[in-house]
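No experiment lies behind these values; they were computed from the predicted model shown.
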Amino acid sequence: MTTVPPPAPDAVHRTADTLLALDVGNTRLKWALYEAPHPGARLLAHGVQFLENIETLAEGDWRALRAPRWVLGSIVAGAGVRYRVEEQLELWDAPVQWVVPTQAEAGLVNGYDHPARLGPDRWVAMIGARQRLLARGEQRPCVVVMVGTAVTVEAIDAGGRFLGGIILPGHGIMLRALESGTAGLHVPTGEVRAFPTNTSDALTSGGTFAIAGAVQRMWDNLRAHSGQEPVCLMTGGAGWKMAPHMTVPFELVEGLIFDGLLTIARERFGAAPASASPASPRTSPPAESAHR
């Protein structure tokens, strides 16, 4: 668990607009408390908790926090986990909203056949990526990569339409699948090599090249579709593992889901000041090295 405690009361300019943003993945819950509901808002406190320890939040990490006015979250875990999180949120009298993908929100159009069936983490990350590019004045197609327990690779055109995306196993799932389905492959994790000469390196290199190849293929598809070279933004707890092995130009972005949650919060709860930018170094919590 990693937690940054909130600043002392006299060190923070108090407003009535604090936002608690939640990113509940398959393994961990990440949270961040912001001074206001918009990109660029000051980060007051943040932390991460494994799902099996959710019940400790109200009496632990959250107990000393200032009560948020709003709570906005993305959750991919099941209803049972959501109920456990909401029990902890009863610490405060704040309305809780969970993002459900729709036909369009915060400047992004959803091209999924059934928009509500798109994973909310994918939707929120794409909204964050789109906002980040627009804040820099870039109206370009974008590939959004999230590397965690699973890997997702999304394509967004220059006009802000989500064209589609792919899902593939993360490193851990690939290795476990091979170990359970193939005799004799219970070996230690190896290194990524151009030409592996042992089984450990062969397994690790195979998973890494599969992910890099999937990103390359989506990048090529989007470039052919749009006639422009796409921007590639990569995020997720295991993004740092992929960074040395990518074959397309990319940016490793910390906390892209939190960028998306802040963008949605601005649309739902209030307008941002003109100077706000999602690229602010105090906007997103630091990346975590564990799988999401």
A.B. asks: For the residue pair W70 and F269, does the interplanar ring angle fall in the parallel (under 30°), tilted (30 to 60°) or perpendicular (over 60°) class?
C.D. replies: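 It falls in the parallel class, under 30°.
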
A.B. asks: Walk me through it: do V145 and V147 pass the test side chain to side chain contact (heavy atoms under 4.5 Å, CB included)?
C.D. replies: CA-CA 6 Å; V145 184; V147 187; 3.8 Å; yes

A.B. asks: Taking I173 as the starting point, is it possible to reach V215 by hopping between hydrophobic residues whose side chains are less than 4.5 Å apart?
C.D. replies: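 Each belongs to a different hydrophobic cluster.
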
A.B. asks: Looking at Q88 and L57, what are the two nearest heavy atoms and their distance?
C.D. replies: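 Shortest heavy-atom contact: OE1-N, 3.5 Å.
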
A.B. asks: Which heavy atom in A104 sits nearest to a heavy atom in W123, and how many Å separate them?
C.D. replies: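 Looking at all heavy atoms of both residues, the closest pair is C-CZ2, 4.1 Å.
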
A.B. asks: According to a hydrophobic-cluster definition based on side-chain heavy atoms being under 4.5 Å apart (Ile, Leu, Val, Met, Phe, Trp, Tyr only), do V248 and I166 belong together?
C.D. replies: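 Yes, same cluster.
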
A.B. asks: Would M234 and V192 show up in the same hydrophobic cluster when neighbours are defined by side-chain heavy atoms closer than 4.5 Å?
C.D. replies: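 M234 does not cluster with V192.
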
A.B. asks: Which residues satisfy the side-chain contact (heavy atoms from CB on, under 4.5 Å) test with V96, sequence neighbours excluded?
C.D. replies: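 Expected list: V71, L89, W98.
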
A.B. asks: Would you compute the distance between atom CG of L168 and atom OG1 of T152 and round it to the nearest 0.5 angstrom?
C.D. replies: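 Output value for this atom pair is 8.5 Å.
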
A.B. asks: Is it true that a side-chain atom of E251 and a backbone atom of L233 form a donor plus acceptor pair closer than 3.5 Å?
C.D. replies: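 Checked: no pair found.
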
A.B. asks: Taking the side chain from W62 and the backbone from E59, do they hold a donor-acceptor pair closer than 3.5 Å?
C.D. replies: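 Absent.
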
A.B. asks: So which atom in T56 and which in Q49 form the shortest heavy-atom distance, rounded to 0.1 Å?
C.D. replies: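 That would be OG1-NE2, 3.4 Å.
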
A.B. asks: Using every non-hydrogen atom in the two residues, find where Q103 and P115 come nearest and quote the distance to one decimal.
C.D. replies: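 Q103 and P115 have their closest heavy atoms at OE1-CG, 3.6 Å.
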
A.B. asks: If we only count heavy atoms from C-beta on, is the V124 to I264 side-chain gap below 4.5 Å?
C.D. replies: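 Yes - at least one pair of side-chain heavy atoms lies under 4.5 Å apart.
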
A.B. asks: Is there a side-chain contact between Y34 and L44, using heavy atoms and a 4.5 Å cut-off?
C.D. replies: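 In short, these two side chains do not touch, never coming nearer than 4.5 Å.
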
A.B. asks: Could you report the tightest heavy-atom contact between A58 and L91, atom names first, then the distance?
C.D. replies: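 Closest approach of A58 to L91, heavy atoms only: O-CD2, 3.9 Å.
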
A.B. asks: Could you state the interatomic distance from CG (L22) to OG (S74), rounded to the nearest 0.5 Å?
C.D. replies: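 Between atom CG of L22 and atom OG of S74 there are 9.5 Å.
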
A.B. asks: Please step through salt bridge (charged side-chain N to carboxylate O under 4.0 Å, His left out) for the pair R84 and E90, ending with a clear verdict.
C.D. replies: CA-CA 10 Å; R84 291 166 58 208; E90 291 175 1; over 6 Å; no

A.B. asks: Is the number of heavy atoms from other residues, nucleotides or ligands within 6.0 Å of CZ (R217) greater than 12?
C.D. replies: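 Count not over threshold, so no.
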
A.B. asks: Using the side chain to side chain contact (heavy atoms under 4.5 Å, CB included) rule, take V99 and L72 through it: C-alpha gap first, then chi angles, then the decisive distance, then the call.
C.D. replies: CA-CA 7 Å; V99 175; L72 181 65; 3.8 Å; yes

A.B. asks: Quick check for you: to the nearest 0.5 Å, what is the distance between R122 atom CZ and I257 atom CD1?
C.D. replies: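 R122 CZ to I257 CD1: 11.5 Å, rounded to 0.5 Å.
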
A.B. asks: Is a salt bridge present between E191 and R193, judged by a nitrogen-to-oxygen distance below 4.0 Å?
C.D. replies: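 No, E191 and R193 are not salt-bridged.
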
A.B. asks: What is the distance from atom CG of N110 to atom CZ of R161, rounded to the nearest 0.5 Å?
C.D. replies: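 Here the rounded value is 8.0 Å.
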
A.B. asks: Working to the nearest 0.5 Å, report the span between CD1 of I211 and CD of Q216.
C.D. replies: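 Nearest 0.5 Å value for the CD1-CD distance: 14.5 Å.
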
A.B. asks: L134 and L108: same hydrophobic cluster, using ILVMFWY side-chain contacts below 4.5 Å?
C.D. replies: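 Result: no, two separate clusters.
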
A.B. asks: Any donor-acceptor pair under 3.5 Å linking the side chain of T18 with the backbone of A67?
C.D. replies: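 Yes, the answer is positive, given that a donor and an acceptor are paired below the 3.5 Å cut-off.
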
A.B. asks: Determine whether I54 and V85 satisfy the following criterion, side chain to side chain contact (heavy atoms under 4.5 Å, CB included), listing intermediate values before the conclusion.
C.D. replies: CA-CA 7 Å; I54 285 174; V85 175; 3.8 Å; yes

A.B. asks: Less than 4.0 angstrom from a charged side-chain N to a carboxylate O is my criterion; do E105 and R268 meet it?
C.D. replies: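 A salt bridge links E105 with R268.
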
A.B. asks: Are C142 and M126 packed together at the side-chain level, in the sense that at least one heavy-atom pair is separated by less than 4.5 angstrom?
C.D. replies: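 Heavy-atom side-chain distance check fails, nothing below 4.5 Å.
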
A.B. asks: Counting only N and O atoms by type, is there a donor-acceptor contact under 3.5 Å from the side chain of T235 to the main-chain atoms of V253?
C.D. replies: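 Looks like yes, one N/O pair under 3.5 Å.
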
A.B. asks: Linking I/L/V/M/F/W/Y whenever any side-chain heavy atoms sit under 4.5 Å apart, do V231 and V109 land together?
C.D. replies: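 The answer is no; the residues belong to distinct hydrophobic clusters.
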
A.B. asks: Should T27 and F50 count as side-chain neighbours, where that means a heavy-atom distance under 4.5 Å?
C.D. replies: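 Side-chain contact under 4.5 Å: yes.
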
A.B. asks: How about P68 and W92: do any of their side-chain heavy atoms sit closer than 4.5 Å?
C.D. replies: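 SC-SC contact between P68 and W92 confirmed.
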
A.B. asks: Any chance you could measure F258, atom CZ, to K30, atom NZ, to the nearest 0.5 Å?
C.D. replies: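 It is 6.0 Å, given to the nearest 0.5 Å.
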
A.B. asks: Could you check V81 against V24 for side chain to side chain contact (heavy atoms under 4.5 Å, CB included), going step by step and ending with a plain yes or no?
C.D. replies: CA-CA 9 Å; V81 172; V24 188; 3.9 Å; yes

A.B. asks: Could you list all the ring pair (Phe, Tyr, Trp, His ring centres under 6.0 Å) pairs where at least one residue sits in residues 188-236, not counting sequence neighbours?
C.D. replies: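 Output for this query is empty, none listed.
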
A.B. asks: When you check the gap from the basic side-chain N to the acidic O, do R223 and D220 get nearer than 4.0 Å?
C.D. replies: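 Answer for the salt bridge query: yes.
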
A.B. asks: Taking 4.0 angstrom as the limit, do E154 and R130 come out as a salt bridge?
C.D. replies: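 Salt bridge flag = no for R130 with E154.
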
A.B. asks: Do T208 and M242 make a side-chain contact, defined as non-hydrogen atoms from C-beta onward lying under 4.5 Å apart?
C.D. replies: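 Of all side-chain heavy-atom pairs linking M242 with T208, at least one is under 4.5 Å.
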
A.B. asks: Return the minimal non-hydrogen interatomic distance between G190 and T204, and the atom names on each side.
C.D. replies: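 Shortest heavy-atom contact: N-OG1, 3.0 Å.
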
A.B. asks: Looking at side-chain heavy atoms only, is the closest gap between S226 and D157 below 4.5 Å?
C.D. replies: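 No, every pair of side-chain atoms sits at 4.5 Å or beyond.
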
A.B. asks: With the side chain counted from C-beta on, respond yes when V100 and P120 share a heavy-atom pair under 4.5 Å apart, and no when they do not.
C.D. replies: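 No, their side chains stay 4.5 Å or more apart.
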
